[in-house]
Amino acid sequence: MRANGMVPDIWTYNTIVRGLCDEGKVKEAISLRDEMESLRVMPDEVTYNTLIDGSFQWRGSAEAFELVEEMKKMGVKLNAVTHNIMVKWYCKEGKMDEAGCAMAKMVESGFSPDCFTYNTMINGYCKAGNLKEAFKMMDEMGRKGLKADTFTLNSIVHALCEEKLLKEAYALTVNAAKRGYILDEVTYGTLIMGYFKNDQTNKAMKLWDEMKEKGIIPSVATYNTIIRGLCHSLKTDQAVDKFNELLDKGFAPDEATSNIIIHGYCLEGAAEKAFLFYNRMVENSFKPDVITCNILLRGLCKAGMLDKAFSLFNTWIIKGKPVDAVTYNTLISVLCKEGKLDEAFDLMTEMEGKKLGPDQYTYTAIIGGLTHAGRTEEAEKFMEKLLETSPNVISEDTSQILGSGDMEYSEQINNLCTQRKYKEAMKLFQESEQKGISLNKSAYFKLMDGLLKRRKSISKVA
DNA sequence: GTAGGGTTAG
């Protein structure tokens, strides 16, 4: 277009900015913004929001907030989407207090939180294991006239699966479907993953069939879920069947698909098969990344082929391909197990030089090696370092304690919910709040289930 | 015809 003397309009530019950001080429996207300005196609809120989200993902929050400031300076008004992006990234970083502040700031700026905001917050609280706040958000959402939807449902299903409450998760989806909620491939994928993680392979496969019978076409991400599940159940050959099915349907597997299968063979101790598949994929334009490298290294170490592991590591470095903390920790662990502590220390120095660590995994490996060699005093020194870096490794899990909650209130609320006396359950919840009493997780789940039931009409799910 | 929420490899 430019060569033919045409000036792309704002829509065209924004589309390309989005494409670049998706690929992680945020710098190029930002320089495109300069080009836009020089051509007097002024970047708008869509351009900035795209760049801000991309910066959060690929360049870190400092750069992202700089763009927010720039946006203000350029006279482009922040909108609800801008705020939702900021809320989302606080949630992704697990900073739920700050996410709450961002939401409050959104209100101050004159925007009411919408379904995106609430679903983001609900998911964030679920991921943080704070079911009480997740439930409170859901309640608030309902009181503002916003309807829970498939996104809300999927967050709760995921949280239930994480708690190993699979029966409850399944029952929730069945009841939700009866009430008019749309179950989609993510709902199924989440349940399937939950069953696989709890070694209920048959149920997982049954749900896969059920999903397909319903005419839901799984995307690559959902194919990855079933392939991953089969691999973790040491059924990599079956996983490859699904992989071939994916190819037959004309889908292109992504980077993850190949890594999962390579990992599957490594888990089975079949390093040769892993390399055969690796080679097959490389010939088909698969670009191995640092995760591929780490998987292969672990596989080779597991199979006792240390020489091969180190030669792979060296070739990788010579080729200038990136390595990370996991790469080093993988090798350091195996060296410690083999009693080759000097070499392990050398690698630790090397990773320190590259500012990749050491982290808690490095220290744990070193402590194990030293203890095994009877070098207790040195081990204790590293123990101190470990506690400095991550005090939570050994201390008690406070969320567990908080999560245990008050039995009496929890049970009463559980019972009321089972009897569908949600109003009374809510009253009791408010009473417990006033007394500063926390409930157990199952009580919060029951209350959330109640909120899903409260929903009267069905909103279209995109 | 452009931006924001749920599943997602070591």
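Per chain, numbering begins at 1; letters A, B, ... match sequence-line order. Small disclaimer: the values here were computed from a predicted structure and weren't measured.
- Distance from the side chain of A:Ile295 is smallest to B:dG10 among B:dT7, B:dG6, B:dG10.
- The CG-C1' distance, from A:Leu183 to B:dT7, rounds to 14 Å in whole Å.
- Atom CD of A:Glu255 and atom P of B:dT8 are 18 Å apart (whole Å).
- Closest to the side chain of A:Trp11, out of B:dT7, B:dT2, B:dA3, is B:dT2.
- Listed nucleotides B:dT2, B:dG6, B:dA3 differ in distance to A:Asn14; the shortest reach to its side chain belongs to B:dT2.
- For A:Glu162, the salt bridge (charged side-chain N to carboxylate O under 4.0 Å, His left out) partners are A:Lys197, not counting sequence neighbours.
- Centroid-to-centroid, the aromatic rings of A:Tyr361 and A:Tyr328 stay 6.0 Å apart or farther.
- Applying the side-chain hydrogen bond (donor to acceptor under 3.5 Å, both in side chains) test to every pair with at least one member in residues 212-223 of chain A, sequence neighbours left out, gives these pairs: A:Glu185-A:Ser219, A:Glu185-A:Thr222, A:Tyr188-A:Lys214, A:Lys212-A:Glu245, A:Tyr223-A:Glu245.
- Scanning residues 185-197 of chain A for heavy-atom distances under 4.0 Å to DNA chain B yields A:Val186, A:Thr190, A:Met193.
- No engagement by A:Asn224 is indicated, since no non-hydrogen atom pair under 4.0 Å with the nucleic acid exists.
- The base of B:dA9 lies outside donor-acceptor range of the side chain of A:Asn294, with no N or O pair under 3.5 Å.
- Put simply, CD1 on A:Ile261 and CZ on A:Arg280 are 7.5 Å apart, with the number rounded to the nearest 0.5 Å.
- Among the nucleotides B:dG10, B:dA3, B:dT2, the one closest to the side chain of A:His263 is B:dG10.
- A stacking contact between A:Phe151 and B:dG6 is absent: the pair does not combine a ring-centre distance of less than 5.5 Å to the base's six-membered ring with planes differing by less than 30°.
- Taking side-chain N and O atoms only, A:Arg18 has a distance below 4.0 Å to OP1 or OP2 of B:dA3.
- Side-chain proximity of A:Ala221 to the nucleotides B:dT7, B:dG6, B:dA3 is greatest for B:dT7.
- To the nearest angstrom, P of B:dG6 lies 16 Å from CE of A:Met138.
- Residue pairs that meet the salt bridge (charged side-chain N to carboxylate O under 4.0 Å, His left out) test with at least one member in residues 216-239 of chain A, sequence neighbours left out, are A:Asp237-A:Lys273.
- The A:Arg228 side chain lies nearest to B:dT8 when the options are B:dG1, B:dA3, B:dT8.
- Rounding to the nearest 0.5 angstrom, the gap separating the CD atom in A:Glu133 from the SG atom in A:Cys126 is 11.5 Å.
- Contacts between residues 56-77 of chain A and DNA chain B, defined by a heavy-atom separation below 4.0 Å, involve no residue at all.
- One finds the CG atom of A:Asp114 at 5.0 Å from the CE atom of A:Met106 (value rounded to the nearest 0.5 Å).
- Here the CG atom belonging to A:Leu207 is positioned 10.5 Å from the CD atom belonging to A:Gln200, to the nearest 0.5 angstrom.
- A salt bridge links A:Lys144 to A:Glu140: one of the charged nitrogens lies within less than 4.0 Å of a carboxylate oxygen.
- Across all strands, A:Thr12 comes closer than 4.0 Å to base atoms (heavy-atom distances).
- No engagement by A:Cys21 is indicated, since no non-hydrogen atom pair under 4.0 Å with the nucleic acid exists.
- A:Tyr118 and A:Phe151 have their aromatic ring centers separated by at least 6.0 angstrom.
- Between A:His83 and B:dA3, a side-chain N or O to OP1/OP2 separation shorter than 4.0 Å is absent.
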Residues A:Asp289, A:Lys321; criterion salt bridge (Lys or Arg N to Asp or Glu O under 4.0 Å); working and verdict: CA-CA 8 Å; A:Asp289 58 10; A:Lys321 296 198 175 206; over 6 Å; no
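- Heavy atoms of A:Ile291 sit under 4.0 angstrom from at least one base atom.
- Under the 6.0 Å cut-off for aromatic ring centres, A:Phe243 and A:Phe277 qualify, their centroids lying closer than that.
- In the interface, the side chain of A:Asp149 is not paired with the base of B:dG6 through any donor and acceptor atom under 3.5 Å apart.
- Listed in residue order, the members of residues 304-330 of chain A having a heavy atom less than 4.0 Å from DNA chain B are A:Asp324, A:Val326.
- Ion pairing between a basic and an acidic side chain is recognised when a charged N comes within 4.0 Å of a carboxylate O; A:Glu69 and A:Lys72 show such pairing.
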